[in-house]
2 protein chains.
Amino acid sequence: MSDQLKLDTFICFAVYTAGHAFNRVYKPLLDELGLTYPQYLAMVCLWEEDGQTVGGLGEKLFLESSTLTPLLKRLETAGYIRRERSSKDERVVLLRLTEEGKRLQERAETVPGCIIDASGRDTDQLARLQAEIVALREALNRSASSS
Amino acid sequence: MSDQLKLDTFICFAVYTAGHAFNRVYKPLLDELGLTYPQYLAMVCLWEEDGQTVGGLGEKLFLESSTLTPLLKRLETAGYIRRERSSKDERVVLLRLTEEGKRLQERAETVPGCIIDASGRDTDQLARLQAEIVALREALNRSASSS
DNA sequence: GTCATTTATATCGCACACGACTGATTATCG
DNA sequence: CGATAATCAGTCGTGTGCGATATAAATGAC
């Protein structure tokens, strides 16, 4: 072990701390919208497709219902979504944007640009790095599910 | 917006979900050691340098004392470390590995190899990707601290 | 059609993670 | 030297995250 700390060579640690760093950059931007970072991700997902189920959202965000249910209740309390049981299948809860939730999308439009600026990289570099990280994630998920 | 979900192009989301994926791979390995993933990172840091302060550890892990203090108390309860006030500066708490904590390092030696295997990448690829993610983290941290 | 199984969401307990604040100690400056 | 500021760890409140479990509804086997 040289003078370089071993921890600083762990890719998992780089990913872990980069996640925290993203959070710190997002925080002041999302505070304006009254959202936390995971809540923002859920809203982005619903802006893309309204009327999703809890399970469907969980698959896209890689989150369990035990994480999503309280988060979605907070979004409902905040007035951004409604949660209603499906009449076709009473087990299913459908997530619908309120008018206020839809309006929030416009206020959130400037956020991605701020993040790109903060990254200090151009969109090509980011897209390439993003693809590599996704590929790594997929490999890890395959490994975790097979063991 | 094409058929590709916008969320799936966010690099922050890739990092966020890759972090979760790492956690899932680590979980069964760390369960054997009686550690959580953040506890493991703290132990790695202490194996590299015994006798660090809470603040020093926090700088390396990018964590606040409000996160570390409860985590370190759990490591102390588990018998892996001792927490003792410095006699030179009574404000400071020094973290020292117990004999059991030192022995744990040997049992943890197989962990990094398992993670590399699960990533499906060779060490050169990982080192390159790791460096890119660290550079991104540094850019984000600079941006967050300047604003 | 009834019972067992599966599915979808929710609940609970535990462990992060951070911001705001507190208390104790040390450093600094007039 | 003494008031003030800075530093360090800890506490508290809020919000994730997950595993284990619960509950209700739908499905399947017979």
Side-chain angles (χ1 to χ4, degrees), chain A residues 13 16-28 30-31 33-43 52-59 61-78 81 83-95 141 144-145, chain B residues 13 16-28 30-31 34-43 52-59 61-78 81-95 141 144-145:
Chain A
F13 181 63
Y16 169 79
T17 52
H20 294 166
F22 269 117
N23 237 304
R24 277 190 285 276
V25 174
Y26 267 109
K27 179 122 200 346
L30 297 182
D31 278 351
L33 307 177
L35 293 174
T36 65
Y37 178 63
Q39 288 169 8
Y40 169 71
L41 294 178
M43 290 300 291
Q52 294 187 68
T53 67
V54 173
L57 196 64
E59 266 186 50
L61 297 175
F62 299 88
L63 294 175
E64 304 298 320
S65 72
S66 50
T67 301
L68 274 179
T69 297
L71 184 153
L72 294 168
K73 283 184 176 178
R74 285 179 205 111
L75 286 178
E76 187 174 41
T77 302
I81 65 169
R83 297 159 59 247
E84 42 191 50
R85 291 272 163 191
S86 163
S87 54
K88 297 206 202 314
D89 184 341
E90 288 282 342
R91 293 172 304 180
V92 168
V93 168
L94 297 173
L95 307 168
N141 280 339
S145 62
Chain B
F13 181 63
Y16 170 78
T17 54
H20 294 167
F22 269 117
N23 237 305
R24 277 190 284 276
V25 175
Y26 267 109
K27 179 117 195 1
L30 297 183
D31 279 350
L35 293 175
T36 65
Y37 178 62
Q39 286 169 11
Y40 168 71
L41 294 178
M43 290 302 291
Q52 294 187 70
T53 67
V54 173
L57 196 64
E59 265 186 50
L61 298 176
F62 299 89
L63 294 175
E64 304 297 320
S65 73
S66 50
T67 301
L68 275 179
T69 297
L71 184 153
L72 294 168
K73 283 184 177 178
R74 284 177 209 113
L75 286 178
E76 186 174 41
T77 302
I81 65 169
R82 286 195 317 276
R83 298 159 58 247
E84 44 193 48
R85 292 271 163 194
S86 164
S87 54
K88 295 208 203 312
D89 184 343
E90 289 282 343
R91 293 171 302 181
V92 168
V93 167
L94 297 173
L95 308 168
N141 279 339
S145 62

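The chains referred to below are lettered A, B, ... by the order of the sequence lines, with proteins before strands, and numbering in each begins at 1.
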(message) List the residues meeting side-chain hydrogen bond (donor to acceptor under 3.5 Å, both in side chains) with Gln52(A), not counting sequence neighbours, and say none if there are none.
(response) Lys60(A)

(request) Mind checking Leu71(B) for me? I need base, sugar-phosphate or nothing, with any heavy atom below 4.0 Å counting as a touch. (result) sugar-phosphate

(message) Measuring centre to centre across the rings, with the benzene-like ring taken for any Trp, is Tyr26(A) within less than 6.0 Å of Tyr40(A)?
(response) yes

(request) Could you check Arg74(A) against Lys88(A) and say which one's nearest nucleotide on DNA chain D is further toward the 5' end? (result) Arg74(A)

(request) Take atom CG of Leu94(B) and atom C1' of dA9(D), then tell me their distance rounded to the nearest Å. (result) 12 Å

(request) Using side-chain hydrogen bond (donor to acceptor under 3.5 Å, both in side chains) as the criterion, list what pairs up with Glu84(B), not counting sequence neighbours. (result) Arg96(B)

(message) Does any part of the side chain of Thr53(B), heavy atoms only, come nearer than 4.5 Å to the side chain of Leu95(B), both counted from C-beta?
(response) no

(message) Without decimals, in angstroms, what is the distance between Tyr16(A) OH and dG17(D) P?
(response) 12 Å

(request) Return the value, rounded to whole Å, for the distance between atom CZ of Phe22(A) and atom C1' of dT16(D). (result) 19 Å

(request) For residues Leu61(B) and Phe13(A), determine if any side-chain heavy atom of one lies less than 4.5 Å from a side-chain heavy atom of the other. (result) yes

Do any N or O atoms of the protein come closer than 3.5 Å to N or O atoms of nucleotides 18-22 of chain D, and which pairs are they?
unit_1: dC18(D); atom_1: OP1; unit_2: Arg24(B); atom_2: NH1; d: 3.4
unit_1: dG19(D); atom_1: O6; unit_2: Ser66(A); atom_2: OG; d: 3.1

(request) Send over the distance from Leu68(A) CG to dG15(D) C1', rounded to a whole Å. (result) 13 Å

(message) Going 5' to 3' along DNA chain C, between which two nucleotides do contacts with chain A fall, using a heavy-atom cut-off of 4.0 Å?
(response) dT7(C) to dC18(C)

Can you tabulate the close N/O pairs, meaning under 3.5 Å, that link protein atoms to atoms of nucleotides 2-8 of chain D?
unit_1: dT7(D); atom_1: O2; unit_2: Arg91(B); atom_2: NH1; d: 3.2

(message) Go nucleotide by nucleotide along DNA chain D from the 5' end; which of Glu90(A) and Thr36(A) gets its closest nucleotide reached first?
(response) Thr36(A)

(request) For DNA chain C, produce a single dot-bracket line, 5' to 3'. Pairs: Watson-Crick or G-U wobble, both distances under 3.5 Å. Symbols: ( ) within strand, [ ] crossing, | other strand, . unpaired. (result) ||||||||||||||||||||||||||||||

(message) Going by the rule salt bridge (Lys or Arg N to Asp or Glu O under 4.0 Å), which residues pair with Arg91(A) if we only count those two or more places apart in sequence or in a different chain?
(response) Asp89(A)

(message) Looking at Thr69(B), I'd like to know whether one of its side-chain N or O atoms comes within less than 4.0 Å of OP1 or OP2 on dA9(D).
(response) no

(request) Name all pairs fulfilling the side-chain hydrogen bond (donor to acceptor under 3.5 Å, both in side chains) condition that reach into residues 67-78 of chain A, sequence neighbours left out, sorted by first residue then second. (result) Glu76(A)-Arg83(A)

(request) Mind checking side chain to side chain contact (heavy atoms under 4.5 Å, CB included) for Asn23(B) and listing every partner two or more places apart, or none if nothing turns up? (result) Tyr37(B)

(request) Rounded off to whole Å, could you give me the CG-to-C1' distance for the Asn23(A) and dG17(D) pair? (result) 13 Å

(message) Less than 4.5 Å apart, side chain to side chain, heavy atoms only: is that true for His20(A) and Leu63(B)?
(response) yes

(message) Testing the basics here: between Ser65(B) and Pro70(B), what is the closest heavy-atom pair and its distance to 0.1 Å?
(response) O-CD, 4.2 Å

(message) Would you say that Asp31(A) contacts Leu33(A) through its side chain, given a criterion of any heavy-atom pair below 4.5 Å between the two side chains?
(response) no

(request) Find the distance Leu61(A):CG to dT16(D):C1' and express it as a whole number of Å. (result) 13 Å

(message) Is there a side-chain contact between Leu72(B) and Ile81(B) in this structure, where contact means two heavy atoms from C-beta onward sitting under 4.5 Å apart?
(response) yes

(request) Ignoring hydrogens and angles, tell me if any N or O in the side chain of Arg85(B) forms a donor-acceptor pair with the backbone of Val93(B) under 3.5 Å. (result) no

(request) Using a 4.5 Å cut-off on heavy atoms from C-beta on, say whether the side chain of Phe62(A) contacts that of Asn141(A). (result) yes

